[in-house]
Undergrad: 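Handing you a structure now.
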2 protein chains.
Amino acid sequence: MNAAVVTVGDELVLGEKSDSNFPWLARRLAELGISCALHETVGDDQIAIARAIKTTQAVANIVVVSGGLGPTSDDVTREGVARALGRELVFDDVLAGRLCARFPQADRQFLDLVLNQAYVVQKAEVIVPRLGTAPGMVLFDGDQALYVLPGVSAELEEMFDTEVVEHIGRHFGEREPLVRLVLRTAGLREAEIEGAVGDLKIVYGNVRLGYLPRLGQVDVTLTGKASERAEIVAAAGEIRERLGNAVFGEGEERLEAVVGRMLKERKLTLSVAESCTGGLVGKLVTDVPGSSEYFSGSVVCYSNEAKTALLGIDAETIAGHGAVSEIVAVEMADGVRDRLGTDLGIGVTGVAGPGGGTERTPVGAVYLALAHACGNRLVKLSLAGGREQIRLEAAVGALNEIRLHLEGLG
Amino acid sequence: MNAAVVTVGDELVLGEKSDSNFPWLARRLAELGISCALHETVGDDQIAIARAIKTTQAVANIVVVSGGLGPTSDDVTREGVARALGRELVFDDVLAGRLCARFPQADRQFLDLVLNQAYVVQKAEVIVPRLGTAPGMVLFDGDQALYVLPGVSAELEEMFDTEVVEHIGRHFGEREPLVRLVLRTAGLREAEIEGAVGDLKIVYGNVRLGYLPRLGQVDVTLTGKASERAEIVAAAGEIRERLGNAVFGEGEERLEAVVGRMLKERKLTLSVAESCTGGLVGKLVTDVPGSSEYFSGSVVCYSNEAKTALLGIDAETIAGHGAVSEIVAVEMADGVRDRLGTDLGIGVTGVAGPGGGTERTPVGAVYLALAHACGNRLVKLSLAGGREQIRLEAAVGALNEIRLHLEGLG
């Protein structure tokens, strides 16, 4: 059993918007045990839409069409689908009534627009929208199913997860779902991870290994059929063993959430002193709702004067050792921990580039110091890439140092 | 003249990676005056690749294929292209020599892998890679051109911008390019902008209007043929007039870069005090290389104790008015400006949610205060959306307040 996806929109074929619906649909279909054989993107053009549907039907039993169901004249997916199936559009009175009932205060002009969405393809089973105003449609063309869904992601996802999943289960039987296990890592590069575990794809032939770098971290994904779950779990165990404490979690939990959870469990508080990351460490820590329970605050001392004014770091220390140095990192960590009275303090200083590198501290040199009740922990990173990448990896490195320290506390 | 794009990769059809190459290629093709009629995504499967090429050739004179040119066994785009065109793969000795010469120290096993990339489709004009090791190919099939490029974005973009653009110009003549003008706005929502200027698409019928929300800002795009440039410029002028000082720039310059440029021009320095944004304002300010010229630092006082310890805000003021209040925002701005001795100080305090809202200060309530030599400027925002959106819009709001103040200084 194969699926195919057609995404519709001029903004997509003009490259003005990247298509987030297709990857979402592909992942959901894979989880249902259905592979996606083909994806087509076309503009708001009914002939192109009809042609795309015919092309995808040639390789798939299930076709999902997304986008172009809005009320304005450039939304022509209804017409494209009707053309592909050789059917008419019909006005659905019941749907029209439901759509109008949503807008008791609306004027005639607005309702006229909304009512464009009450035209549906003959013999369509209508999915009444819960979120927006664009109805979805379920159609059969012989044995083949066609699911026509809105382009607004929230509306698409809601309809897919309720009506479409249920419909696929009912008409195409239960599929053997795919199992997908995600090991989240920090501190290693994609190539290092592939080098360390890449050979396992031969040992575990039924497990598909993937490496997804994101936000300075790398996710290792293991995908396979549900019946191969034991093999997936075995492979994951071996990867965990080989990668050691670079693996910080499984599934969707983010590094900053793991750090937050560990701080809460241990009833510890955190403060941050950052230079080259400019506020990014604090931003990541406070991405987590409820972080005020353990995060007190941070000091971004970008200039040398700020290091002195806010953290009391001796100007002579900075002059003697340089602002990017072990001792300044340690004094930043100690200083912020002391001033904010927290259990842990982390200091980050480095050269994000593109300018400012020297022979001793080139672009990408970053010092991370963690101050805790029993002393300090210091790490030097040598990062590659552009300014954005270096800053992101430095900030993630800081979070990772906090995690490694907390893991050591047990 | 039409183009089509085929992107290849199992990671794409599994939804593990979103496709950034297609939007990039679509934009570049549009700039060359070539519309993209169709985009297909297929997995690493030579039959699917061959079928996609035939399908796209049915609607396009130019087909760009991207991905699957690597050295490992799952890279089968070469085979797929050969199959689509009914040609053989041939070993290119010259290319092989060039590829090997790049790795004088490499061992036999590594070179064997690299040499897989020296197989090219019969009659292909080879594009020798400058960045990676995957060669590109230019092929003719009758009158139709086929450009086969690597999937690594940097390699693809480099080959497209040099060889492919030149080849298209030579073989398909000069096209009338599209002109694309971008007005960057801050402080208005997409719907507000569409409401204010949406009718202009009728007045200026040759101009395509687009609204791209990104990073808490909205870009208004105007696209049209080069011969309609006067109409595009006129429409842009009218939009600028209607949107007033919400427009902060044209083209690619980011709000934080505009603020940085204005500070440098006026020889002013900035410091930041943030609460709910957790460091994001400082992060955005320091995204700009060279920001150390005008940015001194920031204080993230997430807890009430930090507001007192780092900025000297009276605990009674916080208790009396609440941490999210006009007066605390003003004292944060004054306090950081004073402590860091900068010309400007900005204070941001608000409720990012999901918890922490009260009747007086619900989730989304944000106070922005700007302290300058002659006093204060205070704004209250009522933001909607989730935690991430509220934090982003609050931070962008802070940058925008700085910009509006600096514009007032002339």
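A, B, ... follow the sequence lines: proteins, then strands. Residue 1 opens every chain.
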Undergrad: Counting heavy atoms not belonging to B:Arg254, are there more than 12 under 6.0 Å from its CZ?
TA: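 Result for CZ/B:Arg254: open.
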Undergrad: Flag the one option from B:Pro289, B:Pro23, B:Cys36 with the top tally of heavy-atom pairs under 4.5 Å to chain A.
TA: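 Most heavy-atom pairs within the cutoff with chain A belong to B:Pro289.
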Undergrad: Between B:Asp287 and A:Arg387, does at least one N-O distance fall below 4.0 Å, as a salt bridge requires?
TA: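 No, B:Asp287 and A:Arg387 are not salt-bridged.
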Undergrad: Tell me, side chain or backbone of B:Arg28 under 4.5 Å from chain A's heavy atoms, or both, or neither?
TA: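 Answer is neither: B:Arg28 stays 4.5 Å or more from chain A.
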Undergrad: At a heavy-atom distance under 4.5 Å, which candidate from A:Ala306, A:Ala26, A:Ser296 has the highest pair count against chain B?
TA: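 With the most close heavy-atom pairs to chain B, the winner is A:Ser296.
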Undergrad: Examine whether an atom of A:Val281 lies under 4.5 Å from a heavy atom of chain B, and if so say whether it belongs to the side chain, the backbone or both; otherwise answer neither.
TA: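 Contact with chain B: none, neither part.
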Undergrad: Working to the nearest 0.5 Å, report the span between OH of A:Tyr302 and OG of B:Ser291.
TA: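 It comes to 3.5 Å.
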Undergrad: With a 4.5 angstrom heavy-atom cut-off, which part of B:Val285 approaches chain A: side chain, backbone, both or neither?
TA: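 Neither the backbone nor the side chain of B:Val285 comes within 4.5 Å of chain A.
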Undergrad: Among A:Ser298, A:Gly341, A:Gly282, A:Gly356, which residue forms the greatest number of heavy-atom pairs with chain B at distances under 4.5 Å?
TA: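 Counting heavy-atom pairs under 4.5 Å, the top option is A:Ser298.
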Undergrad: Looking at B:Ser292, B:Cys301, B:Ala309, B:Ser18, which one has more heavy-atom pairs under 4.5 Å with chain A than the rest?
TA: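 Of B:Ser292, B:Cys301, B:Ala309, B:Ser18, B:Ser292 has the most heavy-atom pairs under 4.5 Å with chain A.
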Undergrad: At a heavy-atom distance under 4.5 Å, which candidate from B:Arg391, B:Glu305, B:Arg339 has the highest pair count against chain A?
TA: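 So the answer, after comparing B:Arg391, B:Glu305, B:Arg339, is B:Arg391.
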Undergrad: Taking only Lys NZ, Arg NE, NH1 and NH2, and the carboxylate oxygens of Asp or Glu, determine whether B:Asp10 and A:Arg208 approach each other closer than 4.0 Å.
TA: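 Yes, this pair counts.
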Undergrad: Can you tell which part of B:Thr342 gets under 4.5 Å to a heavy atom of chain A, answering side chain, backbone, both or neither?
TA: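 It is neither, since no heavy atom gets under 4.5 Å.
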Undergrad: Where on B:Phe22 is there a heavy atom nearer than 4.5 Å to chain A: the side chain, the backbone, both, or neither?
TA: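 Side chain only.
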Undergrad: Which residue, B:Thr56, B:Thr41, B:Thr55, forms the side chain to side chain contact (heavy atoms under 4.5 Å, CB included) with A:Glu40?
TA: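 Of all the options given, the one that passes is B:Thr55.
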Undergrad: Heavy-atom distances under 4.5 Å only: say whether A:Leu280 touches chain B with side chain, backbone, both or neither.
TA: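 Answer is both: backbone and side chain atoms of A:Leu280 are under 4.5 Å from chain B.
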Undergrad: Less than 4.5 Å to any heavy atom of chain A: does that hold for the side chain of B:Leu12, its backbone, both, or neither?
TA: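 For B:Leu12, backbone heavy atoms alone lie under 4.5 Å from chain A.
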Undergrad: Checking B:Val182 against chain A: side chain, backbone, both or neither under 4.5 Å from a heavy atom?
TA: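 Nothing of B:Val182, per the 4.5 Å heavy-atom cut-off to chain A.
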Undergrad: Quick one: of B:Val42, B:Leu14, B:Val299, who has the most non-hydrogen atom pairs under 4.5 Å with chain A?
TA: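 Of the candidates given, the most pairs with chain A belong to B:Leu14.
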Undergrad: What part of B:Ala37 lies closer than 4.5 angstrom to a heavy atom of chain A: side chain, backbone, both or neither?
TA: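 The backbone, not the side chain.
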Undergrad: With respect to chain B, which residue among A:Leu284, A:Leu310, A:Asp219 yields the maximal number of heavy-atom pairs within a distance under 4.5 Å?
TA: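 Maximum pair count with chain B is reached by A:Leu310.
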